[in-house]
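Heads up: the structure comes next, in structure tokens.
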2 protein chains.
Amino acid sequence: MSSRLKDVAALAGVSVRTVSNVVSGSGHVAEATRQRVQQALDELGYRPNLAARNLRAGRTGLIGLVVPELYSPYFGELASLIVEAAQQRSWTVIIDQTFGDAEAERRLLDGTQGRLVDGLIISPWALGPEEVTTHARNAPVVLLGERPPRGLADRVAVDNVLAADEATTHLLEAGRRRIAAIGIQPHLRNGTADQRLTGYRTALRRAGAAVDDALERPVRELHREDGAQAMAALLDAPSAAPDAVFAFTDELALGALHVAHERGLRVPEDLAVVGFDDIEDGRYAQPTLTTVAPDKQQLAERALQCLADRIYSPDNGVPPLDIVVPHRLEVRGSSAPKA
Amino acid sequence: MSSRLKDVAALAGVSVRTVSNVVSGSGHVAEATRQRVQQALDELGYRPNLAARNLRAGRTGLIGLVVPELYSPYFGELASLIVEAAQQRSWTVIIDQTFGDAEAERRLLDGTQGRLVDGLIISPWALGPEEVTTHARNAPVVLLGERPPRGLADRVAVDNVLAADEATTHLLEAGRRRIAAIGIQPHLRNGTADQRLTGYRTALRRAGAAVDDALERPVRELHREDGAQAMAALLDAPSAAPDAVFAFTDELALGALHVAHERGLRVPEDLAVVGFDDIEDGRYAQPTLTTVAPDKQQLAERALQCLADRIYSPDNGVPPLDIVVPHRLEVRGSSAPKA
DNA sequence: GTGAAAGCGCTAACAC
DNA sequence: GTGTTAGCGCTTTCAC
């Protein structure tokens, strides 16, 4: 069916060694021989068997990208950037989804199913830093958006505490006083929501505003639907309604926006909204969504750079890196100052 | 560094054969031996080398998913479903992005870089069906959303002509007469836009409405920005403004919606909008977006089923399949009848 | 400049 | 029930 080096060699009347040289472009091959071999290669439509090459090389040129979900805009955009950056480095990306399942995260980290990838980029939800680094034994691992790890893995993320602080401060400066936070996730272990909550509270305290439990809302997941539910719950609560919302993801913010419209609230007049992630949808929402924009391009780029360093110099003794990627507050229509 | 079958065998005092049997669960192994081997496996943290296994097996358990872009909501959702469906079949997915580049599509199809995947699911933009099937030589290929191929590959898609016809008819029945079409793509070869245009015109003609060139707008890409530009162009044109828009993707529709708002048009009163794809954003847009909803779940499922059949029974002589996946018109706020 | 052959780690056919 | 070994297709050392 498919031809091997041996077949090409036979057809060209040379040894496999020579064919291999021609294919890889390495070694010295007489021009006449080269042409004859090339003709045989074309004639048979030779394609190298990568499994064989990988076995031989001890490397596969594959890296794993493990995300909770691929369908959400944030992870879709991130995955796209990572695949692109990987392609530039001649790596191919294998994608796995965990849906936040701890067992799945563990399994993919410790390579129970076998070693195939040269390295792993993982965005954990269910596993805390300790567990992540315990299980990461088989290949270099880079963490995306985790809490700083104590252990073995590099980590690339924005400064969530600072970013959340800035977002909240922006709302305070726009004259808002009852600022709700949507996106607390008691069941996740990766710490992102905790960090954003910390930043939010810090900003409130600094401004002398009260931290009100009733304004801090948990969500099950991070999608529009969850943001809508949380917003509805806020508006239905007996306490005074909020005049602003800081949502921990843009999707949550868009869900909140949706409910605000349904309830006849004007945004930003009655309710200001700030999100996090800077997904494309927010730029076209009605009104356009103010958001914390992580530099995703750099997130992807630095993650790959880390991985490359670990893969190509496995034992260079560099301690785990904790790389902070820049972000900026993208002020748009949803958070204009209170008239 | 990492241990091999041989190391485990040495530690357990058995042969590699026995260890292999224990690992794979096949063959008969005495319980006492099994336990001893298992202990050695755990002690060494043995992980099978998949490159070796793949070489031996002649299969990799990898399938390739080739999409133009991963960051757009439609392909993100689709990729997520395909990765999920693949996981259920114990396949792992390799993702490549072509950004609609013909050379990239060609290269990935014909496996120039080597054979690694057991099969390929591709959503081509730049390549027409002839070229696709010419280059698909190395592994079974399933086409997503292409024009019906004449050649070697299976194809899974919705009935684009019918769906576009229904969408347009829906607008006609809502009392609209000047219905614009946004999303023509003269530079793409996959035929999707052509089919939707055909359905759109068919519906207009059936209703006795005029087909007006000025209302058929080309776009460069299929994103919100392109929809916004096309909408702006429509509104700036000297001819009478449209009272409805059928956009060939939801992203285009959302861009059009955005511009409509900016220009002070009321949707749906002044302008009705219908999209295509049923991406999540549309359900939370303001107003919610009417759209043609392809059954993406089934799209993914059937594509994988096709691939499985071809991979496991390569020579069963079944001619290329052309599978039509159902869709439905999801009527929401953006296309309410003209008062 | 080219050929012969070892060996990457695994599975399974063949022995016993 | 377990050991021995050939061989998957490739790269590369060693020889000429």
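Distances shown here put a side-chain N or O of A:Thr33 below 4.0 Å from the OP1 or OP2 atom of C:dT2. A close approach under 4.0 Å does not occur between any side-chain nitrogen or oxygen of A:Thr18 and OP1 or OP2 of C:dG1.
Residue B:Tyr46 contributes atom OH, which lies 10 Å from atom P of C:dG9 at whole-angstrom precision. We find that NE2 of A:His28 is positioned 16 Å from P of C:dG3, with the value rounded to whole Å. Look at CG on B:Leu55: it is 9 Å from C1' on C:dG9, rounded to the nearest Å. Atom NZ in B:Lys6 sits about 13 Å away from atom P in D:dT5, given to the nearest Å. In this structure, A:Arg47 atom CZ and D:dC10 atom C1' are separated by 17 Å, rounded to whole Å. The CG-P distance, from A:Asn21 to C:dT2, rounds to 9 Å in whole Å. Between the P atom of D:dG1 and the CD atom of B:Gln35 lies a distance of 16 Å, rounded to the nearest Å. Look at CG on B:Asn49: it is 18 Å from P on D:dC8, rounded to the nearest Å.
Using a 4.0 Å heavy-atom distance criterion, B:Ser26 is classed as making no nucleic acid contact. Counting any heavy atom pair closer than 4.0 Å across all strands shown, B:Val16 reaches a base atom. A:Arg53 comes within 4.0 angstrom of the backbone, heavy atoms only, and of no base.
Within a 6.0 Å sphere centred on CD of B:Gln39, other residues, nucleotides and ligands contribute 12 heavy atoms or fewer. Heavy atoms of other residues, nucleotides or ligands lying less than 6.0 angstrom from CZ of B:Arg47 number more than 12.
The aromatic rings of A:Tyr312 and A:Trp91 sit parallel, their planes meeting at an angle under 30°, below the 60° perpendicular limit.
Within the 4.5 Å cutoff, no side-chain heavy atoms of B:Leu62 are placed close to those of B:Asp118.
If you check C:dC10, C:dG3, D:dG1 against the side chain of B:Ala52, the one that comes closest is C:dC10.
In terms of position on DNA chain D, the residue among A:Arg17 and A:Leu5 whose nearest nucleotide sits closer to the 5' end is A:Leu5.
Smallest separation of non-hydrogen atoms from A:Leu143 and A:Ala153: CG-CB, 4.2 Å.
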